Number of protein chains: 2
Amino acid sequence: MHLEIDPSSPEPLFNQIAAALRTALRTNELSPGEHLPPAKLLASELKVNLHTVLRAYAILRDEGLIEVRRGRGSVVVDQNRASFRRLDEAIHQVVAEARQLGLSPDQTADRIRHAF
Amino acid sequence: MHLEIDPSSPEPLFNQIAAALRTALRTNELSPGEHLPPAKLLASELKVNLHTVLRAYAILRDEGLIEVRRGRGSVVVDQNRASFRRLDEAIHQVVAEARQLGLSPDQTADRIRHAF
DNA sequence: ACCTATTTGTCCGTATGTATG
DNA sequence: CCATACATACGGACAAATAGG
């Protein structure tokens, strides 16, 4: 894979790895459908612990950028699909919190427009 | 603290601990401003590893339910403030993704109303 | 200003479990 | 049944931020 990380940086290694992969995804160096290297392999290449890479993968998974499954490995998600997925997730969160706070749909929609 | 966890459950321990604490927060058994027990102490009480408790704390922090700081420990956040904080965060995410997808404010607001 | 103790954060290593192929 | 790959949990080491003396 060849990613640039700096062990002496104050930025945590798992964040550096996640950021480097995010860039690789954005530039299509890693394309949708393509497999990321197994965490164990990437860890040995970067000379970091397996958990450090797994944590970076988990971050990208939570961001909807990749799919991570036991036994199968990690696959790049179509970026447009990922974006819609994040939008739906965020909308779900907004609705849940708005309900919790007793806001009406119109009040919530207004907040969205105002935030634009 | 006295939380109920089941080591034989398929549910991960850190999720069980987070869920138990969430309940304690909801029922005001843990009140805003109050300190949670140091992770090390709670870990010994529950007979689990320190990291397992820290992971549960980190989840609650990401949910905006508590504030976790090195050296200071973890403090319960006012639930209403936490709810507004999460709403603002979710709205921010929605706007960011909607912009990414080229949606207009009105289109996005409509999606919110539809999701209600 | 210094030192110490406390508490969380990161990273490593190891072991074991679970899902997939 | 077996190999692969991620998931959880444990334990240990050290760092960084905070609080108190």
Side-chain angles (χ1 to χ4, degrees), chain A residues 1 3-22 24-25 30 33-77 82, chain B residues 1 3-22 24-25 30 33-77 82:
Chain A
M1 273 289 305
L3 303 177
E4 291 291 334
I5 62 171
D6 173 16
S8 72
S9 164
E11 186 68 15
L13 288 173
F14 61 83
N15 274 340
Q16 292 185 48
I17 296 170
L21 289 171
R22 230 178 268 117
L25 294 174
L30 279 169
E34 195 173 343
H35 271 70
L36 275 71
K40 191 176 176 181
L41 174 63
L42 182 54
S44 74
E45 286 180 10
L46 299 177
K47 301 190 200 311
V48 300
N49 192 273
L50 165 66
H51 298 312
T52 306
V53 174
L54 285 177
R55 191 165 174 183
Y57 281 12
I59 290 173
L60 300 179
R61 178 198 56 199
D62 292 345
E63 292 173 355
L65 294 172
I66 64 176
E67 280 183 4
V68 183
R69 301 256 181 106
R70 278 195 268 221
R72 285 205 336 185
S74 304
V75 183
V76 179
V77 170
Chain B
M1 271 291 304
L3 302 177
E4 291 291 334
I5 61 171
D6 173 18
S8 72
S9 165
E11 186 67 13
L13 288 174
F14 61 84
N15 273 340
Q16 292 185 47
I17 296 170
L21 289 170
R22 230 179 268 119
L25 294 173
L30 279 169
E34 195 173 342
H35 272 69
L36 275 70
K40 188 177 177 184
L41 175 62
L42 183 54
S44 73
E45 287 179 9
L46 299 177
K47 301 189 199 310
V48 300
N49 192 272
L50 166 65
H51 300 312
T52 305
V53 174
L54 286 176
R55 188 164 175 184
Y57 281 12
I59 291 173
L60 301 179
R61 178 199 55 201
D62 293 344
E63 293 174 355
L65 294 173
I66 64 176
E67 280 183 5
V68 183
R69 301 257 181 106
R70 274 192 250 197
R72 285 205 336 184
S74 305
V75 183
V76 179
V77 170

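Every chain is numbered from 1, with letters handed out A, B, ... down the list of sequences. All figures in this text were calculated on a predicted structure; none of them were measured in a lab.
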Original post:
In whole angstrom, what separates A/L54's CG from C/dC11's P?
Top reply: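 Result: 13 Å.
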Original post:
Could you give the CD1-to-P distance, from B/I17 to D/dT8, as a whole number of Å?
Top reply: 13 Å
**OP:** Answer yes or no: does a side-chain N or O of B/N49 lie under 4.0 Å from OP1 or OP2 of D/dG11?
**Re:** yes
**OP:** Can you see which heavy atom on A/A18 is nearest to which on A/A56, and at what distance?
**Re:** N-CB, 3.8 Å
Original post:
Hey, does the side chain of A/T52 come within less than 4.0 Å of C/dT10's phosphate (OP1/OP2), counting only N and O?
Top reply: no
Original post:
If you take atom types as modelled and just measure distance, does the side chain of A/H51 reach the base of D/dA9 with a donor-acceptor pair under 3.5 Å?
Top reply: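 Pair found.
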Original post:
With a 4.5 Å limit on heavy-atom distance, are the side chains of A/V68 and A/L54 in contact?
Top reply: no
With 3.5 Å as the limit, what N/O pairs link the protein to nucleotides 17-20 of chain D?
residue, atom, partner, partner atom, Å
D/dT18, O4', B/R70, O, 3.4

**OP:** Measure from CG on B/L41 to P on C/dA5 and round the result to the nearest Å.
**Re:**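 Value for this atom pair: 19 Å.
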Original post:
Roughly how many Å is it from CG in B/L42 to C1' in C/dT7, rounded to a whole number?
Top reply: 14 Å
**OP:** With side chain to side chain contact (heavy atoms under 4.5 Å, CB included) as the test, would you mind laying out the steps for A/L42 and A/L36 before giving the verdict?
**Re:** CA-CA 9 Å; A/L42 182 54; A/L36 275 71; over 6 Å; no
Subject >> Integer-rounded Å distance: D/dA7 P and A/I59 CD1 >> reply: 13 Å
**OP:** Using a heavy-atom cut-off of under 4.0 Å over every strand shown, decide if A/L50 touches base, sugar-phosphate, or nothing.
**Re:**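 Result for A/L50 = nothing.
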Original post:
Separation of A/K47 atom NZ from C/dG13 atom C1', in whole Å?
Top reply: 17 Å
Original post:
More than 12 non-hydrogen atoms from neighbouring residues, nucleotides or ligands closer than 6.0 Å to CD on B/E11, yes or no?
Top reply: yes
**OP:** Counting heavy atoms from C-beta on, name the nucleotide in D/dC6, C/dG9, C/dC11 closest to the side chain of A/P12.
**Re:**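 For A/P12, the side-chain atoms sit closest to C/dC11.
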**OP:** Quickly work out the B/E11 CD to D/dA7 P distance and round it to whole Å.
**Re:**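 Value for this atom pair: 15 Å.
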Subject >> A/F14, nearest nucleotide to its side chain (from D/dA9, D/dA7, C/dC11) >> reply: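 Of all the options, the side chain of A/F14 is nearest to C/dC11.
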Subject >> Short side-chain N/O contact to C/dT8 OP1/OP2 from B/S74, under 4.0 Å >> reply: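 Yes, because at least one side-chain N or O of B/S74 sits under 4.0 Å from OP1 or OP2 of C/dT8.
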Subject >> B/P38 vs A/L13, nearer the 5' end of DNA chain C by closest nucleotide >> reply: B/P38
Original post:
Measuring from B/E45:CD to B/I5:CD1, what's the distance to the nearest 0.5 Å?
Top reply: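 If I round to the nearest 0.5 Å, the distance is 11.0 Å.
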Subject >> A/M1/A/L30 under side chain to side chain contact (heavy atoms under 4.5 Å, CB included): CA gap, chis, key distance, verdict >> reply: CA-CA 10 Å; A/M1 273 289 305; A/L30 279 169; 4.1 Å; yes
**OP:** Could you state the atom-to-atom distance from CD of B/E67 to P of C/dT7 in whole Å?
**Re:**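 It works out to 18 Å between those atoms.
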Original post:
Between C/dC12, C/dT10, D/dC10, which one does the side chain of A/R55 approach most closely?
Top reply: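 From the listed options, C/dT10 comes nearest.
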Original post:
Do B/L21 and B/Y57 touch side chain to side chain, with heavy atoms closer than 4.5 Å?
Top reply: yes
